[in-house]
Engineer: 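My questions all concern the structure below.
Worth knowing before you read on, the calculation uses all heavy atoms, side chains too, and leaves out hydrogens, waters and symmetry mates.
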Amino acid sequence: MNMLASELTSLQIFRGLDEQAATAICQSLKRIGYDANENILSEGVGVQALWIILSGECIVSRNCGEAEDRTLAVLRAGDVFGEMSFVRSAPHSASIKSVTPVSVCCFHREDFLQLAKDHPSAAYQISLNIAAVLSERLRRMDAWVCDMVESPNGHDYRDEWQSFRSAVYTNWAF
């Protein structure tokens, strides 16, 4: 079943699109269902696509060198993942696993590039929306780091924070 343009534009990544562009995107979306406890994306594997959760719940986890993966976030209907690998060809920085049965739609990079040719303003709007999602995640990360460094045990993390900050805000070569 294809998604309706009005349903698509209610999702954060596709807000602000006109009906013609939204309809074109709806025709290229791939709907996929996953059972509970199924791997959707694996850390280190590169798939250039945006994944939008239509229903269900997923966890985002990352291998941090410990015996178990560390859970980074819980995602629900309307949330998006895969955006970092979508905009920059790189392996996924985390894994996504379904917690409950999940329905997602997948928008592949090739379809986005075709959209950019046919509807450049729509591709521009999607890019702005992706930037907004990434900016909000970075803003939350900044707040979390500040809270951690300013906590009673924050002095234990200050050197690590200085090193992290140096790595994040310098050497922007791609």
Side-chain angles (χ1 to χ4, degrees), residues 1-34 40-62 72-98 102-146 164-174:
M1 181 173 126
N2 283 342
M3 181 180 284
L4 299 174
S6 60
E7 291 175 302
L8 183 80
T9 57
S10 72
L11 300 169
Q12 183 177 8
I13 291 295
F14 300 108
R15 282 194 186 128
L17 300 182
D18 64 38
E19 188 171 342
Q20 184 180 17
T23 300
I25 292 168
C26 287
Q27 293 170 357
S28 67
L29 290 177
K30 313 289 186 278
R31 274 193 191 230
I32 307 168
Y34 294 93
I40 299 173
L41 291 180
S42 297
E43 180 180 344
V45 175
V47 177
Q48 282 195 281
L50 282 175
W51 304 73
I52 301 95
I53 300 174
L54 302 174
S55 65
E57 187 173 284
C58 298
I59 58 168
V60 181
S61 64
R62 182 177 170 97
L72 303 177
V74 176
L75 303 176
R76 294 178 178 86
D79 289 333
V80 64
F81 57 90
E83 69 285 343
M84 292 191 316
S85 295
F86 183 78
V87 297
R88 182 170 183 237
S89 182
H92 294 293
S93 63
S95 295
I96 309 294
K97 185 175 184 176
S98 60
V102 171
S103 176
V104 299
C105 61
C106 187
F107 184 51
H108 287 277
R109 172 81 177 176
E110 304 82 44
D111 295 322
F112 175 78
L113 295 174
Q114 185 61 50
L115 179 75
K117 290 177 186 174
D118 299 340
H119 304 277
S121 62
Y124 174 75
Q125 185 63 50
I126 291 169
S127 298
L128 286 177
N129 293 345
I130 290 170
V133 167
L134 293 172
S135 295
E136 178 59 21
R137 288 183 186 166
L138 183 56
R139 186 195 63 73
R140 281 191 240 150
M141 178 67 76
D142 288 347
W144 177 79
V145 168
C146 286
F164 173 76
R165 184 179 67 176
S166 178
V168 169
Y169 292 105
T170 60
N171 300 321
W172 288 75
F174 294 102

Engineer: Hey, could you give me the CG/NZ distance between Asp111 and Lys30, rounded to the nearest 0.5 Å?
Structural biologist: 5.0 Å

Engineer: Which value, rounded to the nearest 0.5 Å, describes the distance between Ile130 atom CD1 and Ile13 atom CD1?
Structural biologist: 5.0 Å

Engineer: If you look at every heavy atom in Cys106 and His108, which pair is closest and at what distance?
Structural biologist: SG-NE2, 3.5 Å

Engineer: Just checking Glu136: does its CD atom have more than 12 heavy atoms from other residues, nucleotides or ligands closer to it than 6.0 angstrom?
Structural biologist: yes

Engineer: Within a strict 4.5 Å, meaning less than it, do heavy atoms of the Trp51 and Leu41 side chains meet?
Structural biologist: yes

Engineer: Determine whether Arg31 and Leu54 make a side-chain contact, defined as any pair of heavy atoms from C-beta on separated by less than 4.5 Å.
Structural biologist: yes

Engineer: Are the side chains of Phe81 and Ile40 in touch, meaning some heavy atoms are under 4.5 Å apart?
Structural biologist: yes

Engineer: Counting only N and O atoms by type, is there a donor-acceptor contact under 3.5 Å from the side chain of Arg62 to the main-chain atoms of Glu43?
Structural biologist: no

Engineer: Taking atom CZ of Phe112 and atom CD1 of Ile126, what is their separation to the nearest 0.5 Å?
Structural biologist: 6.0 Å

Engineer: Determine yes or no for a side-chain-to-main-chain donor-acceptor pair under 3.5 angstrom, with Arg109 supplying the side chain and Phe86 the backbone.
Structural biologist: yes

Engineer: Leu11 and side chain to side chain contact (heavy atoms under 4.5 Å, CB included): which single residue from Ile53, Ile52, Leu17 fits?
Structural biologist: Ile52

Engineer: Got a second to check how far Glu19's CD is from Leu8's CG, nearest 0.5 Å?
Structural biologist: 11.0 Å

Engineer: What's the spacing between Glu57 CD and Asp79 CG if we round to 0.5 Å?
Structural biologist: 10.0 Å

Engineer: Which atoms form the tightest heavy-atom contact between Leu134 and Met84, and what is the distance?
Structural biologist: CD2-CG, 3.9 Å

Engineer: Show your working on side-chain contact (heavy atoms from CB on, under 4.5 Å) between Phe14 and Cys26 and close with a plain yes or no.
Structural biologist: CA-CA 11 Å; Phe14 300 108; Cys26 287; over 6 Å; no

Engineer: Heavy atoms only: give me the nearest Gly82-Leu50 pair and the separation to one decimal.
Structural biologist: C-CD2, 4.5 Å

Engineer: Within the 4.5 Å heavy-atom criterion, are Val80 and Gln12 side-chain neighbours or not?
Structural biologist: no

Engineer: Kindly say whether Ser95 contributes a backbone atom to a donor-acceptor pair with the side chain of Ser42 at under 3.5 angstrom?
Structural biologist: no

Engineer: Compare every heavy atom of Asn129 with every heavy atom of Arg15, then report the nearest pair and how far apart it is.
Structural biologist: O-ND2, 2.9 Å

Engineer: Could you pull out the closest heavy-atom pair between Val60 and Ala94, with the gap in Å?
Structural biologist: CG1-CB, 3.7 Å

Engineer: Looking at Ser98 and Val102, what are the two nearest heavy atoms and their distance?
Structural biologist: CB-CG2, 3.5 Å

Engineer: Counting only heavy atoms not in Gln114, do more than 12 fall under 6.0 Å of its CD?
Structural biologist: yes

Engineer: Could you grab the distance from atom CG of Asp18 to atom CD of Gln125, nearest 0.5 Å is fine?
Structural biologist: 10.0 Å

